[in-house]
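Below, read A as the first sequence line, B as the second, and so on, with proteins coming before strands; counting in each chain starts at 1.
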Amino acid sequence: MLSPTSLDRSLPLKRHLKQGRYGTVSADGPGVRLSVRHPLAIATIIARKGQEDKMSALLETHYGIAAPQPGRMVKGKELVLQWCGADQYFAITEGRGEGALYEDLRSCLQGSASVSDQSHGRVVIEVSGHKARALLTKGSAVDFHPREFPLEAAAMTQMAHIGVHVTRTAEDSFELSLFRGFSEHFWEWLTEQAQEFGYEVV
Amino acid sequence: MRYSIFTLISNALSDHKKWQPAWREPEPRREYEVVIVGGGGHGLSTAYYLAKEHGITDVAVLEKSWIGSGNVGRNTTIIRSNYMLPGNEPFYEWSLKLWEGLEQDFNFNAMVSQRGVLNLYHTDPQRDAFARRGNAMRIHGVDGELLSREQVREMVPFLDFDNARFPIRGGILQRRGGTVRHDAVAWGYARGADRRGVDIIHNCEVTGIRIEDGRVRGVETSKGYIGCKKLGLAAAGNSSEVARMAGLKLPLESHVLQAFVSESIKPFIDHVVTFGAGHFYVSQSDKGGLVFGGDLDGYNSYARRGNLPMMEHVVEAGVAMIPGISRVRLLRSWGGIMDMSMDGSPIIDKTHIDGLYLNCGWCYGGFKATPASGWCFAHTIARNELHKLNAAYRLDRFRRGAMIDEKGQGATPNLH
Amino acid sequence: MRIRCPYCGERPSEEFTYLGDAAPERPLSNEPSSMDEWFDYVYLRDNPKGVMQEYWHHSGGCRSWIVAVRDTETHEISSTVAARDFAKGRGR
Amino acid sequence: MSGHRLSQGGLIDRSAPLKFTFDGKPYQGFRGDTLASAILANGVSLVGRSFKYHRPRGIMTASSAEPNALVELREGARTEPNTRMTMVELYDGLIAKSQNRWPSLNFDIGSINQLASPIFVAGFYYKTFMWPKAFWEKLYEPMIRRAAGLGRATHEPDPDRYEKAYAHCDVLVIGAGPAGLSAAVTAGRAGARVLLADEGPVLGGSLLYENEEIDATSGSDWAQEVVAELVSLRDVTLMPRTTVFGWYDDNIFGAVERVADHKMVPGPHEPRQRYWRILAKRAILATGAEERALVFGGNDRPGVMLASAVRSYVNRYAVSPGRTAIVFTNNASGYRTSRDLRSKGIRVAAVMDSRKDAPKLDSGGAPIVAGAVITRVEGGRDIERVAFERGRGQERLECDFVAMSGGFNPNVHLACHRGAKPEWKEDIQAFSAPRNGSRFVAVGAANGSMLISQCLREGAEAGAQAANEAGFRSKAAPTPLTKDESYNIKPLWWVKEGSSKAFVDFQNDVTAKDILLTVQEGYRHVELTKRYTTLGMATDGGRMSGINGSGIVAEATGKSIAEVGTTTFRPYYTPVSFGVIAGPFKGHHFQPVRQTPLHEWAEENGAVFVETGLWMRSSWFPRKGESDWLESVIREVKATRESVGLCDVSTLGKIDIQGSDAAEFLNRVYCNGWNTLEVGKARYGLMLREDGIVFDDGTTSRLGEDHFFMTTTTANAARVMSHLEFCHQALWPDLDVQYVSVTEQWAQMAVAGPMARRSLQKICENVELNDQTFPYLAAKEIKILGGVTARLFRISFSGEHAYELSVPADYGNMTARALMHAGREFGITPYGVEALSVMRIEKGHVAGGELNGTTTATDLGLERMMSKKKDYIGRMMAQREEMTRKDREMVVGIRPVNQNDRLRAGAHILSKGDAASMENDQGYVSSVAFSPMLGRWVGLALCKRGRERHGEIVQLFDGVYGVHLEAELCDPVHYDKENRKLYA
Ligand SMILES: Cc1cc2nc3c(=O)[nH]c(=O)nc-3n(C[C@H](O)[C@H](O)[C@H](O)COP(=O)(O)OP(=O)(O)OC[C@H]3O[C@@H](n4cnc5c(N)ncnc54)[C@H](O)[C@@H]3O)c2cc1C
Ligand SMILES: NC(=O)c1ccc[n+]([C@@H]2O[C@H](COP(=O)([O-])OP(=O)(O)OC[C@H]3O[C@@H](n4cnc5c(N)ncnc54)[C@H](O)[C@@H]3O)[C@@H](O)[C@H]2O)c1
Ligand SMILES: Cc1cc2nc3c(=O)[nH]c(=O)nc-3n(C[C@H](O)[C@H](O)[C@H](O)COP(=O)(O)O)c2cc1C
Ligand SMILES: [Zn+2]
């Protein structure tokens, strides 16, 4: 019988995450840096019919941030909210106990929103560096020019035939979140496309 | 003037000055016994068989543009009879039989090439579906063979057998299937019908249908009113628009299908091969171009041009199937308007209006049907009754619930 | 083609899945007498050459169904609304 | 062999010599050369053979419209047939071969076709090869096919990489000549995001070879100054070596960047080519004009070139095609060429101007013969003289090359790709770009503006307007100073005098006479002429032949060329490789791979995986010593039925459904009812399509009053999700229901068999599993393995006492391992989808084979599930007469009469004694399995009136496998009819 210590969550991409520098080596360092955020607590929040405002208000009182506008995300102290569809949001935190986020969202949004735990369903990849934007344009039709996709913009799109949720977390850094089942294949594509810029896995 | 190597040589001696026009360009008469709307493959073959099989020559084919400007002039030329359902198989097999004697029949070389049609399968369920189809063909006495992976490899060694995302497990082959020089089909039928007295009138768009007390009287056209006792609609992609003129609403959607041709190269692929793990089918024209296509763009359209996403999908599938094709270049792409029906099968029927007959719903399988479609439509018009071969293609089958749905996609035309 | 999703903004058509004509309305009655209505709804299409209302699904994006007004000859899209609002507009 | 390199000048780098071979012979050129200019400099004029007559051909253009000079470039897996020498940048070690000749370019057997040319007229093959019938496939067609085609393509996989990318811009400028450059720089200065694409490796367009002066500097220097400024602008991107091949809806353009085609092989991590989808707010067509050939006897001979191409070789590449030129023109271009040749000290025997009333133009001192037309080009291998007419009978004049100009055809293609027809302009006797509104405007020569000042002005104005419309503030700068040379032309479609072959389509060997004959035979519409002769269907896409063809059709039919018009312009502007359009999506990466959370566990247990949609599923788990899959599957089934098995079912679609109207929503999407389902219970659900046909099935559980957990089949998961979204958003937005896919959140495993409960119990924390706490169809949240929250469902696909356990995905492998550990004492066995399917067939459960998109609930024996009390998707259409007929094909069990016979899916059913015919066809076998429990093959079939025919002996028709056997129709449930094991 296994011991509870082996409860550590296994990371879907682990066999691919070999730290190091790959692809073209250039003087000004690797064009992109890639890393995976794990473990995360993620939940989908969907407002109940006609409860959008109530839900937003509740979020504000409990977490200090209201629901973001379509195509946007907001950072709170313990929580990030990302728009991901009509009246639909990802809530994301780090370092919470298993199921904890899901549970308190349920209790605080009781009746005003439906909550589903997605912590294990999605893999979140961080892409940063001066070539990060160039890399993303190889996959998605979203226009990532800062004028069109500014800081804290969020979009659901497709990359390499795979559904990806993209947010801009800094001038030259993005977060890509996708279904875990595609993560290995997506990683292979992403790293191949990153080769010409040179990339570092951290 | 008959076409043959002898007339060819004798004309060569007279510097080809003696060749006559392949068909006349008559002005429309005021009235015809039968008017056919649509100078495509089906309209022209209908006229041809009305004259040939039923002795009805007081016929006009009205074409809004130039002869063969529609789908008959832009398809990927595949002919086959590898169908599964009782309503379909006998009809398409009859069509294949007619193809086999067509050139001698209408004295025009349409380059009917029975080079074999091979459909690949990649999964067990696909294999079982092909076995079912192959047996349906054989039960009707038609050739259909289920090939193993190794048999496929022998036929077409350069497919991706080793590195594929969806490994090839085998295929279903119809050896009698193949290709036909599409334009020549239109020209051969036009010339054949013309020589039997049919008036083929181009640049003549039908703009209205005159109906009096439940009976067809004639059509309004860009060349004036033309009376007729019987009116056959064979407008393919434009069927809904034409039928609307008679107050009919059809179970059809018009969709654009793209096709492509590569630069002309030396013999590269000898058969017609269809991918089973994506949308791609290919054959090589006698001129050397790889002629290929895939799936509909997917949205209703009357524009004869598609967009990039489907082109990319088709070409991705092409390279997945034949890695060596990678450095060959695409020369041209185009589109045509499909009359997609609600069950993926055609309609050849009478209507509730006396003297009005319907031929439509060909989806992207109507080229192979050209001879049988014209043959059955001619029968239906001449006898005012359906032939056994098109008995299942009735318009009311949807109301009754007797769909002929080979793909099992239901009332979603762009999935057929 | 580019389609303006009411939520995501303009995106190329490869992010969308097409369903078809949005004009037919699902009948409310289940009485045998309503059979013709149902038949029309499921099977008959105007299939116009020109402008039509049609359902698109932003399946590669926010997963909203939208109704676009598009010309089938030119492929020009003149307007889009969320299917929700389109349905409410019909009193659903 | 008189082509040669000039001692000075040109934009080539004489300090960088490059070696290459053509047909095995070594040659040398310089950096900056194209293969064409380098081969000319080496005195080679014969480079290819034509399509039909195998006539000797040389280099005719200096552009991408080259119809003749096509070669097989590179070798082995990198072989590229039909590559234009004029577009190949010379690199060291380049290898090229000529095409369509045998045994050699100089001596080509195929050229005997010319003798038969009186017969090989347009469309001759439609008139013959019909007898004897059988000969077509066996003899004629193979013959024709071998003769046809130009280069040879390889079947070897391409070793190079390709990429795809999207580009967005405010203003796309296509073409970097004077018009394009001034457009780009004007928009760029305003701060607009500008993309400037040009086919060529160097930006500048015609300025790179024309003697133009702009603001007192040479045209090419001016171009380089503008380019330098563009580089300095932050939001401007320059794309040399990039051909825009097509214009698509909503100003989306397709383009190909030739990243490494100018190298021997691509650099490390470098793609060979990159495919761009450019989404432009505004676009400007500055693609210039292509010179028009003249149609006269022998106009296809090596040494006959476009006048502008001659300028290009002489000025840009410092190569003269010969020693003595004769210029044949009907417009200013010929004079310009004559001047440029003379200024380089190359002899011009005469400028023959077809216009009797030719304006006095400066030929640089060469004699001008007005009102003269060349009727024939004469000589042996090389041109020696031309025969010409000016109303004094035939005259002759010596030369070794000919420069011709029939005027210019604006490169309107892209502007016509969305259906607009080009406009005939009388003053320039050419078709120019149609008006497409302000989102895509043409400027410069593409717009029919032949004066350089016009090109510069139009470019600047269009650039400013585009920037303004994209939201920037811009104004066109004053047009620089230039010397315009008026463009004056009188059309000459073909030289009627003279009898030898005059070519219109060079590559496809279509002559003026072919077109006349075609019209005579009634193929009078220009589109029919094209199809009957193949005019304009060669690899140059008709750029060299199309307009001359229209001109000749016009004269032959007595119409104006404006009436005749052109054939339809379509992508691709120049041909595009398959590889670049496919990009990285080939081989293993053709489609995404989707792995379940239990993939690792399955690998540990030696699973053989199978593609199921995008998923990789474990199909069976072979063990040492097992000879084939069947042996493994038999073991897995036995182990499960006799003790306990573990199966990964994570691929089932899982949808979390909540909201106060959740139950009502289910009522409407499923044909059976949901109100009565109690919390903590699961229920089997059946979904129909609106047309009444069965769509999907699965178990859905009620986790709370307003909380359900739906499962769908693996195959339909995505479609069901979209369907729910449609039903809610488009049909019933008034419902308070929320749903989201949680397929990937949960690892799901089936634990089946008599020992399932005892194995499971060991990892459960807080439940005692028994028939009271956990009866059949119980569905509850539980804790396992020291605190993991899991969901346990007592449901069974196998017919055994079984459970499905869902755990958060990251714990999947760990949980599966724990279960293996827990069940070890019972010999717990991993089983795959093969064993799963064996067991469901033994139990007569319908699945993919039966849910084939044409079966009704009644056909499947599930009619009792169709509620009569409520509206639901598919209810009404399911009642249609033909869908409720008694003699439809219905699910029935089937097994061979002979115990040892093997059953195969796809076999058709015939009543005993009936002959094989479609009329007698009774149905077919839909699913089969070898039943380890019964020790025989069993299956399910869809058979007419199936349910009434249990016990009937039928014949199976299985032609594709060549077996015909007898079988018995029976109850679909082959094993444990009383469901004892389910409740055990
Ligand atoms: C890209 C593509 C690939 C295809 N590939 C295949 C294949 O490989 N195998 C196969 O079997 N089938 C194939 N098809 C389908 C096949 O081409 C069509 O189903 C078939 O040609 C339709 O019949 P038709 O020839 O009579 O149609 P058309 O040739 O389209 O004839 C209809 C005619 O009616 C005319 N018309 C319309 N409205 C009017 C009016 N108001 N007045 C006068 N005239 C009017 C049109 O101008 C047109 O000429 C393909 C189709 C396309 C577009
Ligand atoms: N007097 C004459 O005989 C005569 C006739 C015509 C033109 N001209 C001169 O030619 C010049 C025309 O200037 P312009 O700027 O209009 O044209 P241009 O020919 O100078 O430039 C066109 C550029 O577009 C590029 N191009 C074409 N199609 C492309 C595509 N699909 N994708 C990418 N690049 C593409 C070409 O490579 C070329 O570099 C003027 O100087 C004009 O005076 C003179
Ligand atoms: C079987 C087939 C082969 C073709 N081969 C060629 C070809 O070799 N060269 C070419 O330019 N076009 C070829 N085409 C495309 C035609 O030029 C034309 O684009 C097509 O018939 C549609 O007509 P449209 O483009 O005038 O609308 C071919 C078309 C078909 C159907
Ligand atoms: Zn959206």
Side-chain donor-acceptor contact under 3.5 Å, [X] with [Y]:
| X | Y | value |
| --- | --- | --- |
| B/Thr380 | B/Asn390 | yes |
| B/Tyr299 | B/Asn307 | yes |
| B/Tyr302 | C/Asn47 | yes |
| B/Ser373 | B/Asn359 | yes |
| C/His75 | B/Ser301 | yes |

| message | Between C/Arg90 (side chain only) and C/Ala87 (backbone N and O only), is there a donor and an acceptor less than 3.5 Å apart? | response | no
| request: Measure distances from B/Asn300 to the heavy atoms of chain C and classify the residue's part below 4.5 Å as side chain, backbone, both or neither. | output: both
| said: Does any backbone or side-chain atom of B/Met403 lie under 4.5 Å from a heavy atom of chain C? Answer side chain, backbone, both or neither. | reply: side chain
Checking [X] against chain B: side chain, backbone, both or neither under 4.5 Å from a heavy atom?
| X | value |
| --- | --- |
| C/Trp38 | neither |
| C/Thr17 | neither |
| C/Tyr43 | both |

| field | Which of B/Arg305, B/Glu312, B/His313 touches chain C most, by non-hydrogen pairs under 4.5 Å | value | B/Arg305
| request: Could you go through the salt bridge (charged side-chain N to carboxylate O under 4.0 Å, His left out) check for B/Asp343 and B/Lys407 one step at a time? | output: CA-CA 8 Å; B/Asp343 62 357; B/Lys407 284 199 185 154; over 6 Å; no
| note | With chain B, the option among C/Glu73, C/Met35, C/Arg70 that has the most non-hydrogen atom pairs under 4.5 Å is C/Arg70
| Using a cut-off of under 4.5 Å for heavy-atom pairs, which of C/Lys49, C/Glu14, C/Glu54 has the most such pairs with chain B? | C/Lys49
| field | B/Tyr83 ring center near B/Phe91 ring center (under 6.0 Å) | value | no
| said: Ring centres under 6.0 Å, that's the criterion: do C/Trp65 and C/His58 meet it? | reply: no
| note | side chain to side chain contact (heavy atoms under 4.5 Å, CB included) test vs B/Phe292 passes for just one of B/Tyr281, B/Phe260, B/Phe275, namely B/Phe260
| task | With a 4.5 Å heavy-atom cut-off (strictly below), which parts of residues 237-256 of chain B touch chain C? List them by number. | result | B/Asn238, B/Ser240, B/Glu241, B/Arg244, B/Lys249, B/Leu250, B/Pro251, B/Leu252, B/Glu253, B/Ser254, B/His255
